[in-house]
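First up is the structure itself, then whatever we jot down about it.
Numbering of ligands and ligand atoms starts at 1, following listing order.
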Amino acid sequence: MAAAAPPHENSGRIQEGSTMAKSSYAVTIAGGGSTFTPGIALMLLKEHDRFPVDKVVFYDNDAERQEIVAKACEIYFKENAPELDFSYTTDPEEAFTGIDFVLAHIRVGKYAMRELDEKIPLKYGCVGQETCGAGGIAYGMRSIGGVIEILDYMEKYSPDAWMLNYSNPAAIVAEACRVLRPDSKIINICDMPIDLMDKMAVMCGLKDHRDLQYSYYGLNHYGWFTKIFDKQGNDLMPQIKKHMAKNGYLDGISHEEGQEQHIDESWIHTFGKAKDVYAIDPETIPNTYLKYYTYPDYVVETSNPNYTRANEVMDGREKRVFGACRKVIESGTAEGAGFEADAHATYIVDLACALAENTGERFLLIVPNDGAVSNFDETAMVEVPCIVGSNGYEKICQGKVPQWQKGMLEQQVSVEKLVVQAWVEGSYQKLWQALTLSATIPSAKVAKQILDDLIEVNKDYWPELK
Ligand code: NAD
Ligand code: G6P
Ligand code: MN
C-alpha cells in the first residue's frame, strides 16, 4: 500500500459557494424517537462552544414513540438551556424548514423488523445480523425509501442544508443515494472505526482516536486499517498487531466513565473474535464486522435463534432510554434521571464543524470511489479517509488493495449494488442474486428460502418485487 497520498484532485464533492460559517446553527434530528436521540441532543448542548446550535427540531414518523423522547428532552432543555429553540414534529415542512444540518438516524421498521432480519436467516442456518448478510439486505430494502424521503424533504425546505446520515445499513443507503440522488448534500458516516481507533489508542497508552493518524480502505462495516501513527508520526502498527494477535480488540476497551460503548456480552464476543479475523491477514487491522463474512459458521453456532441482538437491545438500551425518559416526564425534572451526553457521538459535531467552519479535519467517510482505491470499481461507495471543509470533502487516495481484500470487496460491493438495483427495478431476480452472492449464504436454494420469508414479512416496507 502506498503511503497516504495528498488529496486526489477533483475527487471530492466540492460545493461551489457553500461556505456557511454562521454565529449559530439550526439542526433537525431525524429519527427523533431513536434510542440515540437523548445522548446526541445532550451532546450538542455540551459542544455548544465549538458548534453553537440555537435551534433543535426532532422529526419522526412515529408520533407516539418520538413524544416520549421529545417531552423528556424538552424538560431537560428548559432546565439546562432555556434559550434553545426546541420543538418536535411529524410534519416534514415544519421539521425541515430553515435548518442547516439534518442528523439522520432512522430505523425503518424499528426493532420489530430488526428482530425478523436476525431470526429469519438463522432459521436457515445463516448469519442473522442488523447490517450484514440477509438481515442487512432486508434492512437495506426498507431504509432506502426512508432515507431518500428525508433527503428530499431537506432539499425542498432547506436546499443549502447538509445531511449527516448514520442510518443503517449505511453501505446500501450510500449506494442508493449515489444512484438516485447523486448531487445531494448527504454524507454517510459510521462510528465503528472511531470506536476501534479508541480501542487501538488505549492499547498504545493513548487517550482516544484523536491521538491517532490512520489509513483505511473498504466498504462500510467491511474494511481494514493499513497504517496507524501517533500525532508525532511514530508507527503504532507493531504494537497494535501484537495486541490483535493475542486478544483482538478486547484489551483496548476503555473503562473510563462516559467511555463505555458496546459493553453488552455479544459485543465483547465480537471484539474478542477480531483476533481470528486479524489472523487471516496480519498485515492489516480488520473492522469487527468482517467476522460475519469470514466466520459465518462460528457466528451461527454461537447465536441463539430465539434471542438475538435485537432482543438484547430491546431488553437493554431501549428499556433504559425510554425508562429514563418516562421518569423525567413523570417527575417533571431531568435531575437525577441519568440523562447523559453521548461522548462517542462527538464525531458528528466534529463533522458538522468541519463543514460549517472549514476545519479541514480528516474523517473516514463513505464516498464514491473514483480512484481512491485504484484497483477497485470506481462507482463503488468506499469508506476512506477524507479531508472535510466548507466546500465538502476530498478523498485521500489509498492506492491498490491486495488480492485478498480485492476479492472480498468485489463480492460484497456486488451484493450491495444488486440490492439497490433490485429496489429501483422491483426485481426479485436481482435480490435473489444479491442474497446468493453474500458470503454469509451457502447456496441459491437457501437464498431463495430466506428471500421468500423476508418478502412475506416486509410487505409494508419493500417495493413489490416481480
Ligand atoms: P430506534 O428504532 O430506537 O430509532 C429509530 C427511529 O426512527 C424510530 O423512532 C422510528 O420511528 C424512526 N423512523 C423509522 N422510519 C422513519 C421514517 N421513514 N421517517 C422518520 N422516522 C423514522 O433505532 P436505534 O437503535 O436508535 O438506531 C437508529 C439508527 O441509527 C439505526 O439505523 C441504526 O442502525 C443507526 N446507527 C448507526 C450508527 C453508525 O455508526 N452508522 C451507530 C448507531 C446507530
Ligand atoms: C456500531 C455500528 C453501527 C450499528 C451499531 C449497532 O456502532 O457502527 O452502525 O448500528 O454498532 O449497535 P446495536 O447496539 O444496536 O447492536
Ligand atoms: Mn456503523
Side-chain angles (χ1 to χ4, degrees), residues 28-40 58-70 88-92 95-96 102-115 117-118 129-132 135-136 139-140 142-154 164-174 187-196 198 218-223 260-267 269-271 287-289 308-322 325 342 344-345 347-348 351 364-366 383 460-461:
T28 296
I29 298 184
S34 155
T35 53
F36 294 106
T37 296
I40 286 177
F58 289 179
Y59 169 77
D60 203 290
N61 65 357
D62 179 339
E64 219 177 298
R65 184 179 175 92
Q66 171 166 260
E67 184 150 84
I68 301 165
V69 175
Y88 57 97
T89 180
T90 54
D91 175 41
F96 295 96
V102 175
L103 311 183
H105 54 210
I106 63 167
R107 184 186 292 285
V108 179
K110 292 175 273 195
Y111 292 127
M113 292 309 295
R114 175 175 182 175
E115 186 177 7
D117 291 344
E118 293 169 351
Q129 212 280 326
E130 178 195 23
T131 64
C132 302
Y139 186 14
R142 294 196 301 276
S143 274
I144 294 172
V147 172
I148 294 275
E149 183 180 73
I150 287 172
L151 192 54
D152 288 349
Y153 289 145
M154 179 186 89
L164 311 185
N165 180 58
Y166 38 102
S167 312
N168 270 316
I172 291 171
V173 167
I187 292 187
N188 294 285
I189 187 163
C190 169
D191 66 357
M192 190 80 254
I194 299 170
D195 183 44
L196 299 180
D198 283 344
L219 309 167
N220 178 237
H221 289 185
Y222 202 93
E260 310 92 353
Q261 192 194 19
H262 296 328
I263 48 174
D264 286 342
E265 204 187 317
S266 59
W267 271 106
H269 234 86
T270 294
F271 293 130
N287 192 301
T288 37
Y289 280 93
T308 59
R309 177 66 188 153
N311 301 107
E312 204 177 32
V313 172
M314 287 187 274
D315 291 342
R317 187 171 69 234
E318 191 183 35
K319 280 216 169 90
R320 224 171 28 245
V321 170
F322 280 79
C325 289
D342 178 356
H344 289 274
Y347 73 93
I348 296 164
L351 180 57
L364 202 50
L365 303 179
I366 306 158
E383 199 163 83
D460 293 343
Y461 301 102

Q. If you count the atoms of ligand 2 from 1 in the order shown, which ones are under 4.0 Å from a heavy atom of R114?
A. 13 (P), 15 (O), 16 (O)
**Q.** Salt bridge flag under 4.0 Å for residues R317 and D264
**A.** no
Q.
Please list, in number order, the atoms of ligand 2 under 4.0 Å from a heavy atom of D191.
A. 1 (C), 2 (C), 3 (C), 7 (O), 8 (O)
Q: Indicate yes or no for a side-chain donor-acceptor contact from E383 to the backbone of G218 under 3.5 Å, with no hydrogens or angles considered.
A: no
(Q) If you apply the rule side chain to side chain contact (heavy atoms under 4.5 Å, CB included), what do you find for F36 with Y166, and how did you get there? (A) CA-CA 11 Å; F36 294 106; Y166 38 102; 5.8 Å; no
Q. Between E115 and R309, is the closest basic N to carboxylate O distance under 4.0 Å?
A. no
(Q) Angle between ring planes, H221 versus Y289, binned at 30° and 60°: parallel, tilted or perpendicular? (A) parallel
Q: For Y59, counting its heavy atoms only, list the atoms of ligand 1 lying under 4.0 Å from any of them.
A: 20 (C)
Q | For M314 against K319, the heavy-atom pair lying closest together | A | O-CG, 3.3 Å
Q. Between the side chain of D60 and the main-chain N/O of A63, is any donor-acceptor distance below 3.5 Å?
A. no
Q. Which atom names give the shortest non-hydrogen contact between A170 and I366, and what distance separates them?
A. CB-CD1, 3.8 Å
(Q) Once rounded to the nearest 0.5 Å, what's the spacing between atom OG1 of T131 and atom CD1 of I172? (A) 8.5 Å
(Q) Taking the ring of Y59 and the ring of F96, is the distance between their centroids below 6.0 Å? (A) yes
Q: Counting heavy atoms only, name the option from R65, M113, E149 that's nearest to atom 3 (O) of ligand 1.
A: R65
Q. For ligand 1, which atoms sit closer than 4.0 Å to a heavy atom of K110?
A. 10 (C), 11 (O)
Q.
Tell me whether H105 has any N or O atom under 3.5 angstrom from an N or O of ligand 1.
A. no
Q.
Under 4.0 Å, heavy-atom basis, I'd like to know which part of E130 is in contact with ligand 1: side chain, backbone, both or neither.
A. side chain
Q: Show which atoms of ligand 2 fall inside a sub-4.0 Å distance from at least one heavy-atom site of C190.
A: 8 (O)
Q | G32 versus T37, closest heavy-atom pair with distance | A | O-OG1, 3.2 Å
Q) Checking side chain to side chain contact (heavy atoms under 4.5 Å, CB included) against S34, which of E318, K110, H105 comes through? A) H105
**Q.** Within-cut-off N or O pair, I106 and ligand 1, under 3.5 Å
**A.** yes
Q: Give me the one residue out of N188, L351, V102 that meets side chain to side chain contact (heavy atoms under 4.5 Å, CB included) with L164.
A: L351
Q: May I ask you to identify the nearest protein heavy atom to atom 32 (O) of ligand 1, giving residue, atom name and distance to one decimal place in Å?
A: Y139 OH, 2.5 Å
Q) Which of these, D191, N165, I68, V108, has its nearest heavy atom closest to atom 15 (N) of ligand 1? A) V108
Q: Select the closest option to atom 27 (O) of ligand 1 among M192, M314, R107, judged by heavy-atom distance.
A: R107
**Q.** Ligand-side contact atoms (ligand 2) for residue partner E130, heavy atom cut-off under 4.0 Å
**A.** 4 (C), 6 (C), 10 (O)
Q.
Looking at V108, is its backbone amide N or carbonyl O close enough to the side chain of R142 to form a donor-acceptor pair, meaning the two atoms are under 3.5 Å apart?
A. yes
Q: Enumerate the atoms of ligand 2 whose separation from the nearest heavy atom of R317 is less than 4.0 angstrom.
A: 13 (P), 14 (O), 15 (O)
Q: Could you pull out the atom name of the N/O/S atom in H221 that is nearest the Mn ion (ligand 3)?
A: NE2
(Q) Using a 3.5 Å distance criterion without hydrogens, assess whether the side chain of T89 forms a donor-acceptor pair with backbone atoms of D91. (A) yes
**Q.** Proximity to ligand 2 by part of R309, non-hydrogen separation under 4.0 Å
**A.** side chain
Q. Should you measure from each heavy atom of I189, which atoms of ligand 1 turn up under 4.0 Å away?
A. 41 (N)
Q) For ligand 1, which atoms have a heavy atom of S167 less than 4.0 angstrom away? A) 32 (O)
Q. Using a heavy-atom cut-off of under 4.0 Å, does the side chain or the backbone of Y111 touch ligand 2, or both, or neither?
A. neither
Q. Rounded to the nearest 0.5 Å, what separation is found between the CE atom of M113 and the OH atom of Y139?
A. 11.5 Å
Q | Short side-chain to backbone donor-acceptor contact, S143 and N168, under 3.5 Å | A | yes
**Q.** Exam field: side chain N311 to backbone T308, donor-acceptor pair closer than 3.5 Å
**A.** yes
**Q.** Contact partition for N168 relative to ligand 2, non-hydrogen atoms under 4.0 Å
**A.** side chain
Q. For atom 13 (N) of ligand 1, what is the nearest protein heavy atom, given as residue, atom name and distance?
A. N61 OD1, 3.6 Å
Q) What residue and heavy atom of the protein are closest to atom 4 (O) of ligand 1, and at what distance? A) S34 CA, 3.1 Å
Q: May I ask you to identify the nearest protein heavy atom to atom 9 (O) of ligand 1, giving residue, atom name and distance to one decimal place in Å?
A: D60 OD2, 2.7 Å
Q) Taking only heavy atoms of Y166, which atoms of ligand 1 are found under 4.0 Å from at least one of them? A) 30 (O), 35 (C), 36 (N), 37 (C), 38 (C), 39 (C), 41 (N)
Q: Answer with side chain, backbone, both or neither: which part of E312 has a heavy atom less than 4.0 angstrom from an atom of ligand 2?
A: neither
Q. Which protein non-hydrogen atom lies closest to atom 24 (P) of ligand 1, naming both residue and atom, and how far is it?
A. Y111 OH, 3.3 Å
Q: Mark up the atoms of ligand 1 that fall under 4.0 Å of a heavy atom belonging to R317, in ascending order.
A: 25 (O)
Q) Going by the atom numbers of ligand 2, which of them fall below 4.0 Å from some non-hydrogen atom of Y289? A) 1 (C), 2 (C), 3 (C), 4 (C), 5 (C), 11 (O)
Q. Going by the atom numbers of ligand 1, which of them fall below 4.0 Å from some non-hydrogen atom of D62?
A. 11 (O)
Q: Check ligand 1 against F36 and write out every atom of the ligand that is under 4.0 Å from a heavy-atom position of the residue.
A: 24 (P), 25 (O), 26 (O), 27 (O), 43 (C), 44 (C)
Q) Using a heavy-atom cut-off of under 4.0 Å, does the side chain or the backbone of W267 touch ligand 2, or both, or neither? A) side chain
Q. With atoms numbered from 1 as shown, which atoms in ligand 2 lie under 4.0 angstrom from a non-hydrogen atom of H262?
A. 1 (C), 7 (O), 11 (O), 12 (O)
